[in-house]
Structure formats: C-alpha cells, structure tokens
Amino acid sequence: MKPLHSNQKNPENFDLPVFIRHSGTISRYFWDGKELQLVSVDGNNKFSIWSFSSFEDGRKKLFRFCGAAVRNLFLPREVSENYLEYVKWKFLHRVFSSALQVLATQAMFRAIGIGYSRSLPSAAALNWVLKDGLGRLSRCIYTASLASAFDTNLKRVRFSTSILFSMSIGVELLTPVFPTYFLLLATIANIAKQISLACYLSTGTAVHRSFAIADNLGEVSAKSQIQTVCFDNVGLLLAATFNILFRNNQRLLAALPFVAYPIFSAIDLFGIYQSLKHVHLQTLTKDRLELMMNIWIQLRYVPSPAEVSEREGINFISGKGRELLPIRIGCLNPKRKMPRLSLMTLQSLKDEDFYFICLENLSSGPRLKDHGILLSLREGAQTSDVIMGLLQACYIHKGLLLDMIGWEDVLEARDLSDLVLREWHALMKESKKCARADLDLLVDKMSGLGWICRNVLLSSREQERYSFVADCLR
C-alpha cells in the first residue's frame, strides 16, 4: 500500500497515530519509507508455524493465539467489567450441575430397570411421559403466578429456584432406592426442575441486558449459549470419568451419586450465588429506588448499579428484615385499622394528585413502630409520579424518625387537635417541596450512572391503583 501524495523519494520511517483492534490483537500503521504496513504492537501477529524465531518465541505466540481464540469464542466484544467474573462462577455452576444431572439420569434409568423388570416397556414409557407432562403443567402455573417477580426480585427468585433444582436432583437420586414409587418421586423432581427452568428462561434476558453496554444483547445471549454448551460438556466429561473409574466396582458405582451429591450441590449453589453477585441490574424497582433515595437524602449522592447490587444482596430466604416505618406501595388494606391522620389525608385529596401518602397500621399497637408508610398510586400515574411519590415518602420517613417521641404521642392521642393536624400537613407540605426540588437532579444523576429511568418495575401488589369516583363516571 502506497500513499496517494508523496513528494519525497525516500521519506524517513515513522509510526502513524492509528491503532487497529481485531480478534484480540492490537496493530499500528507504520511507514517504512516505501510502503504502509500494519505491525502488531502487542507481539501477537497472525499465527504461523514459520514465524517462530525460537521454541520459546513459538510457545508464547501459540499461547497468545489460543488465548485470543478462546476469548473471541466465549466473550462478547463489549461488555461491562464485571462480566468476566460472572463467567468464571458460571463455569463452576454449570460443570457441577451438568455432572449431577448425568448421575441423576443414570439413577432414574436404574430405577426403571429395578422397578419394572417384569413390566412392559410401554408402562415405563407411560410413567416417563406422565412425569414430564405434569412437570410442564406446573411450569405454566408457576410462570403465570409469579410473572412480575421475575423483574422485581430477580436474584432472589433465581437463587431460590436454583436451590429447588438442586433438591430435585436429590429426589431423582432416590428413585433406585424406592423403585415402586418411581412415578411419584420422578414427578416431584420434574415439577421442581420445570419451575427452575421457567425462572432461568424468564430472567435470562434481564441478566444478559445488564452486561450489554453497547446494546449488543444478541451477541451476549449467543455467547451465553456457547458457554452453557461447552461448560455442560465439561460436566458430562467429569461424570463420565467417575463412571469409568468405578466401572469395575458396582457397589462404588451405586454409591457414587450419594457421595457426590452433597459436594457437587454445594459447589453448584456457591457458583450460582457468586455469579449473581456480579450481576448489576440497571432497572428500577421499589426497593432499589428506596435504597438510592435514602442515600441521596442523607449524603446527596446517587450510588451506581454496582454499589446498589452489593448493598441489596440476594435475600433468597425472604425480603428485607423488619424495619421501623417500612414504606409500601399499594392500596389501603380494609382489614387493618386506619389511623385518623390517614383519614384526614384521604379527605384532602385533590383532582390533580396522582398519589397520596398516609400511615397504615401494621399491628394493633399505637406506637410508631406499629405503623408503616403507604404510597398509593392513582390510575394514570406516570413514572415521574412514582419516583416523586417514593421520594416524598422517604422524606416523610426521615421526618417521623427525627421526632419519634412527639409523633408517638400524636398516634396515642384519642383526639386530634388543630395543632397536630397542622404539624402533619406541614410535614406533608415540606416533604413534597423537598421531593419536587430534588426530582429532576436525582433523575439526571441516575440516568448518567446508567440507571434505566423510563419505567419503575413493580410487583403485582404494587401495581394496584386507586381512582376517583368521578373518574369512573367519565
């Protein structure tokens, strides 16, 4: 390649300030006095057996070439920095999960052979079809009942169903021990597996999107499938190795699944737990918003998705522990006693309001710890109304905690004086003023950190809305 314009016959050699990245190599344009050449600057030129100056040089080039090839096969070009750690733990999870599934399948075949040695092959086939059919039916029911939870509690639901999947493997391993109960055990195990599979498929897109920083969701999903297939094959190889080692000892071979199960399951679940810790979701939920808003109110600082992910954890057993004055999004519960201040709030609603905030009783006690804060949204409320309402609720939460003794006296009082009502309305007015002043700046900062502020993901109960009677008559 020669330059288009050259007035010198022998120009001096020089490097051009242009780099090219391709297939894991970095190259730079170089003018050698006659031609423009592309020279590797990381020592990773195109692999060729004739380019080795020594054995050591060949070994290094081969290692770099293989490393670049593996990276291009398994990893997308542009992903977030936490993706590699996620893949490492995914490898651990998939290998041992695949090995366990091989051992469980062998156990179920052994159970069919023991329990149905005198039966027709069609009877065994019928049992297998029945367990699969019931499992898929349960999968449909589970998916329909927990659809919104896949968005709002993704990590907790995914890890919980992973535990369920691990337990299903254990149930399958019991089928040779109780061959006459094959259909019952296999059906229970398959139901658990189908539920876990439904969760895995439903949450996969959200997990992949959290890594796709260049809108390359298709590439991230494709690489994930390659990883899954390859990692599962390693697990198959591991299980096959154990079978080969113990093929001459039937007792050891029969005991192998029960010895391997607790060890492999523990490693599998540990890998899942660690991989989920490196998934930093950018979507907004009620819990993430509340966490960010409390930090914003205290420190005037908005945490990144990685910081929020570290703080919220997985919480696979249950939601957050009991806190003082918890904030809930939804509608008033008619079964609970309504504080008199809440009744005054409902009476003061205006047509331009798209939400209201009030206190609700969590138990029969009159103290502040027996109450919670309710944010109720109106039909037609936009995302900005949800964020504004939750931010105001957090300011009210702060105001109530700053004067706990005074507000406990108010809640215990039988009669509401004009002074008490003025204090409550003053708290509502001041909190709304602070929330309105912070709203635009807070949303801008969240968007700048990568948070998706177009929508707030709410659970089915949090999606309940109220309407004015006049709205229904229109």
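Below, each value reflects all heavy atoms present in this structure, side chains not excepted, and no hydrogens, waters or symmetry copies.
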With side chain to side chain donor-acceptor pair (under 3.5 Å) as the criterion, how do S460 and Q463 come out once you've worked through the C-alpha distance, each side chain's angles and the decisive distance to 0.1 Å?
CA-CA 5 Å; S460 56; Q463 292 175 18; over 6 Å; no
Report yes or no: does S221 contribute a side-chain atom to a donor-acceptor pair with the main-chain N or O of L217 at less than 3.5 Å?
yes
Can you measure from CG (L324) to CG (D370) and round to the nearest 0.5 angstrom?
9.5 Å
Can you tell me how far apart CD1 (I272) and OG1 (T161) are? Round to the nearest 0.5 Å.
8.0 Å
Around atom CD of E464, are there more than 12 heavy atoms from other residues, nucleotides or ligands closer than 6.0 Å?
yes
Run the side chain to side chain donor-acceptor pair (under 3.5 Å) test on S80 and H280 for me, step by step, so that the C-alpha distance in whole Å, both residues' side-chain angles and the decisive distance to 0.1 Å come before the verdict.
CA-CA 9 Å; S80 56; H280 306 325; over 6 Å; no
Smallest separation among heavy atoms of W451 and P305, with atom names
CZ2-CA, 3.4 Å
Quick one, K433 and K429 - any side-chain contact, counting heavy atoms below 4.5 Å?
no
Output, in order, the C-alpha distance, side-chain angles, deciding distance and verdict of side chain to side chain contact (heavy atoms under 4.5 Å, CB included) for S459 and N153.
CA-CA 9 Å; S459 65; N153 295 303; 5.7 Å; no
Stepwise side chain to side chain contact (heavy atoms under 4.5 Å, CB included) check, M108 with F182
CA-CA 8 Å; M108 293 178 71; F182 172 82; 4.1 Å; yes
In the structure I gave you, are the side-chain heavy atoms of I169 and Q101 within less than 4.5 Å of one another anywhere?
yes
Expected output: side-chain Q227 to main-chain F74 donor-acceptor under 3.5 Å
yes
Does CZ belonging to F178 count more than 12 external heavy atoms closer than 6.0 Å?
no
Heavy-atom donor-acceptor pair, H208 side chain to G204 backbone, under 3.5 Å:
yes
CA sep, side-chain torsions, deciding dist, call: C230, F91, side chain to side chain contact (heavy atoms under 4.5 Å, CB included):
CA-CA 9 Å; C230 294; F91 171 78; over 6 Å; no
Rounding to 0.5 Å, atoms CG (L284) and CG (N455) come to a distance of 8.5 Å
Going by atom types only, do R288 and T283 share a side-chain donor-acceptor pair under 3.5 Å?
yes
Is there a donor-acceptor pair under 3.5 Å between the side chain of T152 and the backbone N or O of L458?
no
How many angstroms lie between OG1 in T187 and CD in Q194, if you round to the nearest 0.5 Å?
11.5 Å
Do E360 side-chain atoms and H371 backbone N/O form a donor-acceptor pair below 3.5 Å?
no
Is C394 close to I327 at the side-chain level, that is, under 4.5 Å between some pair of heavy atoms?
yes
Does a donor on one side chain sit under 3.5 Å from an acceptor on the other, for T203 and K155?
no
K90 versus S224, side-chain donor and acceptor atoms under 3.5 Å:
yes
From S196, S97, S265, residue fulfilling side-chain hydrogen bond (donor to acceptor under 3.5 Å, both in side chains) relative to S166
S265
Can you give me the closest heavy-atom contact between L375 and G389, atom names plus distance?
CD2-C, 3.7 Å
Heavy-atom closest contact (S431 atom, I396 atom, distance):
OG-CG1, 3.4 Å
Contact summary for F258 and V177, nearest pair of heavy atoms:
CZ-CG2, 3.8 Å
Just by modelled atom types, is the F165 backbone N or O under 3.5 Å from a matching donor or acceptor in the S168 side chain?
yes
Working to the nearest 0.5 angstrom, can you tell me the gap between F356 CZ and M428 CE?
9.5 Å
Taking K223 for the side chain and N72 for the main chain, is one N or O donor matched with an acceptor at less than 3.5 Å?
yes
State, without any angle test, whether H278 and N82 hold a side-chain donor-acceptor pair at a distance under 3.5 Å.
no
Can you tell me how far the CG atom of N190 sits from the CG atom of L185, to the nearest 0.5 Å?
12.5 Å
Counting only heavy atoms not in E85 (residues, nucleotides, ligands), do more than 12 fall under 6.0 Å from its CD?
yes
Can we say D438 and K445 salt-bridge, meaning some charged N sits less than 4.0 Å from an Asp/Glu carboxylate O?
no
Would you call K286-E290 a salt bridge at under 4.0 Å N-O?
yes
For the pair S210 (side chain) and V207 (backbone), establish whether a donor and an acceptor sit closer than 3.5 Å, ignoring hydrogens and angles.
yes
State which residue, out of Y83, F231, F270, F96, fulfils the ring-ring contact (aromatic ring centres under 6.0 Å, His included) condition with W89.
F270
Report yes or no: does Q298 contribute a side-chain atom to a donor-acceptor pair with the main-chain N or O of W296 at less than 3.5 Å?
no
Going by atom types only, do E172 and T175 share a side-chain donor-acceptor pair under 3.5 Å?
no
Restricting to non-hydrogen atoms, name the atom on L449 and the atom on P303 that form the minimum distance, rounded to 0.1 Å.
CD1-O, 3.7 Å
Any non-hydrogen side-chain atom of K88 less than 4.5 Å from a side-chain atom of L92?
no
Please tell me if the side chains of F211 and V279 come closer than 4.5 Å, counting only heavy atoms from C-beta onward.
yes
Does a salt bridge link D351 with R378, judged by any charged N lying under 4.0 Å from a carboxylate O?
yes
If only atom types and distance count, is the side chain of N233 paired as donor or acceptor with the main-chain N or O of V229 below 3.5 Å?
yes
Between L374 and L359, is any pair of side-chain heavy atoms under 4.5 Å apart?
no
I295 versus V302: any side-chain heavy-atom pair under 4.5 Å?
no
Residue pair R454, T383: steps toward the side chain to side chain contact (heavy atoms under 4.5 Å, CB included) verdict:
CA-CA 7 Å; R454 297 188 302 271; T383 301; over 6 Å; no
Side-chain donor-acceptor pair under 3.5 Å between Y355 and Q392, yes or no?
yes
Looking at every non-hydrogen atom in both residues, tell me the closest pair between I357 and A393 and how far apart they are.
CD1-N, 3.6 Å
Any side-chain heavy atom of L238 sitting closer than 4.5 Å to one from F264?
yes
Using side-chain contact (heavy atoms from CB on, under 4.5 Å) as the criterion, point out the one residue from M292, M388, M293, R300 that pairs with L442.
M293
